[in-house]
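We count ligands from 1, going down the list as the structure has it; atoms in each ligand are counted the same way. The first residue of the sequence shown is numbered 1, and numbering continues consecutively from there.
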Amino acid sequence: MKGNSVQVERSESATLAAHPQPDTPVMDYSQRIARQVAAVPRSGIRDFFELVLGRDDVISLGVGEPDFATPWNIRQAAIQSLERGQTSYTSNLGLLSLRKEIANYVGGFFDVEYDPASEVLVTVGVSEALDVSLRALLNPGDEVIYHEPCYVSYSPSVVMAHGVAVPVATRQRDNFSLKPDELAKAITPRSRVLLLNFPTNPTGGVASKEDLEGIAKLCIEHDLICITDEIYSELRYDDEKHISIASLPGMRERTILLHGFSKAFAMTGFRLGYACAPAPLVEAMMKIHQYSMLCAPITSQAAAVEALQNGKEPMEQMRESYHERRDFFVRRLNEIGMDCHVPGGAFYAFPDIRKFGLSSQDFAMGLLESQGVAAVPGNAFGPSGEGFLRCCYATAFDQLQEAADRIEKYVATLG
Ligand code: PLP
C-alpha cells in the first residue's frame, strides 16, 4: 500500500509556504482570462481536501485512486526501459508495440476491433483523451449530453472546448444508469455528443444491456457521436460481464472509446490512457495531441506494454480486494441507516443522506470536524449529486472499519 495523495500534497504545501509570495499584482487579470475558462469553477473535491491538509487524525475516503502501488512487474518494466536509455519521444500516436497491445486487449475485453496503425491514440491519461475528443468534435455552442452525478471534469471539459454541457440526472433507484427515455428528453437539434461513463464515478452505477441498447438506438437516430469513458470497466463485481456501448451494432463507427491504466492497473502516476475510434476521428484528435502534447511519456508507455502483457493476475487480485471492501462497507453503511445502493463497479459508495436534513456540504463538513472522516459532498459531482456523499473504499480494510464506526457515531448525533 502506498501513502495517499493527501500526504504528498501536504509536503508540497509546506514547501510553498516557506517561500515568500509575490507582491499583489497590479494588473486586473480577471479581464485577461478567457471567458470559457473563467466560467469554470475549481474542482469541489480539491477545495474540500484543502481542509484535510495538516490533519493527521483524518481517515480519507476522498481521493479516487487505488491504494495499491503499481504492481512490481509493471514498475520494473519502467525501470528497465530507463536503464536501456529509452528516453526519447515516441511516435505522436504512441509506440506501435503499445498500440498493438491495446488493440489486442480492447478486442478481447470489449469485443471491438481497432487497427493499431490508425485507430488508436495513446494519451496522457483518460483526462487528455477526453479533452482531445471534445476539442476534435465540438464547434462553439454544440451540446454534449452526459449523465449526472458524474466525474468532476466533464462539464468543465465541455465548456473549455466551447461546448454546452447538458446533464441528465440519474437516480439511485435506477442504479444511476442513464435511462433512454430521460436521454431522449435532453436531445435537441444542437446535440452532437453523448458522453457515457459506466461504471460511474462517483456512484459506482452500471448500465444494463437493455439500457445501452436503448441509448445506442437514440445515438443512431439522432446522429450523435458517443464518447464512452471506460476507465472503471475492469472493476465490475458479482461476476457481471462489462458491456461497452462501442460493441453494440451500429455503434463502433460513431463511438470514441476512452480507456487507461490509472484505475485497474493502479497506475495513476504514470498518466497513461488511450482513445480508440475510426481513423478520421483519431486523425483529428492526433492533431491536437501532436501540437499540445507531442506524445505520452515513453517510460509510461513501456510500463503499459507490460501491464497489458502480464498485468492480468495482479489486476484480478486488486479487483477481488475492492470487491470484499465494497461488500463490507456498503453493508455497514446500510446498517448505520445511510441508504446505499450496491454499486456494481468502480470503488465508490454513494449513500443517500437526505433523511438527515443536512446539505451534502454540511454533512461532509460535520463528519470531518467531529469524527475526522473525509468524504466528498455529492454536489461536487453536479447538482443532482446533492443529498449524497461519495466514499472511496479503496482504503485499507482496518481504516474502512474505523471510518464506518466513526460515521456511525456521527450519524447517532444527528437524531
Ligand atoms: N474518467 C473518470 C470517470 C475518472 O474517475 C477519472 C479519474 O478519477 C479520469 C477519467 C481520469 O483518469 P486518468 O488518470 O486516466 O487521467
Side-chain heavy-atom pair Gln361, Asn379 within 4.5 angstrom cut-off:
yes
Tell me, which protein residue and heavy-atom name are nearest atom 12 (O) of ligand 1, and how many Å apart are they?
Ile231 CD1, 3.2 Å
Taking distance alone, with no angle check, do Ser262 and ligand 1 share an N/O pair under 3.5 Å?
yes
Can you classify the ring geometry of Phe329 versus Tyr393 as parallel (below 30°), tilted (30 to 60°) or perpendicular (above 60°)?
tilted
Using distance alone, with no hydrogens and no angle criterion, decide if Ser247 and Asp111 have a side-chain donor and acceptor under 3.5 Å apart.
no
Mark the output for Phe261 as yes if a heavy-atom distance to ligand 1 is under 4.0 Å, and as no if none is.
no
Can you tell me if Lys100 has over 12 outside heavy atoms packed within less than 6.0 Å of its NZ?
no
Whether Gly260 lies under 4.0 Å from ligand 1, heavy atom:
no
Per-atom contacts, ligand 1 versus Arg271 - under 4.0 Å to a heavy atom
13 (P), 14 (O), 16 (O)
Are Phe198 and His147 an aromatic pair by the rule of ring centers under 6.0 Å?
yes
Could you tell me if the ring centre of Phe388 sits under 6.0 Å from that of Phe176?
yes
Shortest protein contact, atom 15 (O) of ligand 1 (heavy atom only):
Val126 N, 2.7 Å
Which of the atoms in ligand 1, numbered in the order shown and given with their element, are less than 4.0 Å from a heavy-atom of Asn197?
3 (C)
Mind telling me whether Tyr154 and Tyr151 have parallel, tilted or perpendicular rings, with 30° and 60° as the class edges?
perpendicular
Tell me whether the centres of the aromatic rings in His341 and Phe350 are closer together than 6.0 Å.
no
N or O contact, Asn201 vs ligand 1, cut-off under 3.5 Å
yes
Go through ligand 1 atom by atom and flag the ones less than 4.0 Å from a non-hydrogen atom of Asp229.
1 (N), 2 (C), 3 (C), 10 (C)
Ser127, portion touching ligand 1 at heavy-atom distance under 4.0 Å:
both
among protein heavy atoms, the one nearest atom 8 (O) of ligand 1 is Lys263 NZ, 2.6 Å
Residue Tyr154 vicinity, atoms of ligand 1 by number, heavy atom under 4.0 Å
3 (C)
Protein contact of atom 6 (C) of ligand 1 - nearest heavy atom, named by residue and atom, plus distance
Tyr151 CZ, 3.4 Å
Within a strict 4.5 Å, meaning less than it, do heavy atoms of the Thr228 and Leu195 side chains meet?
no
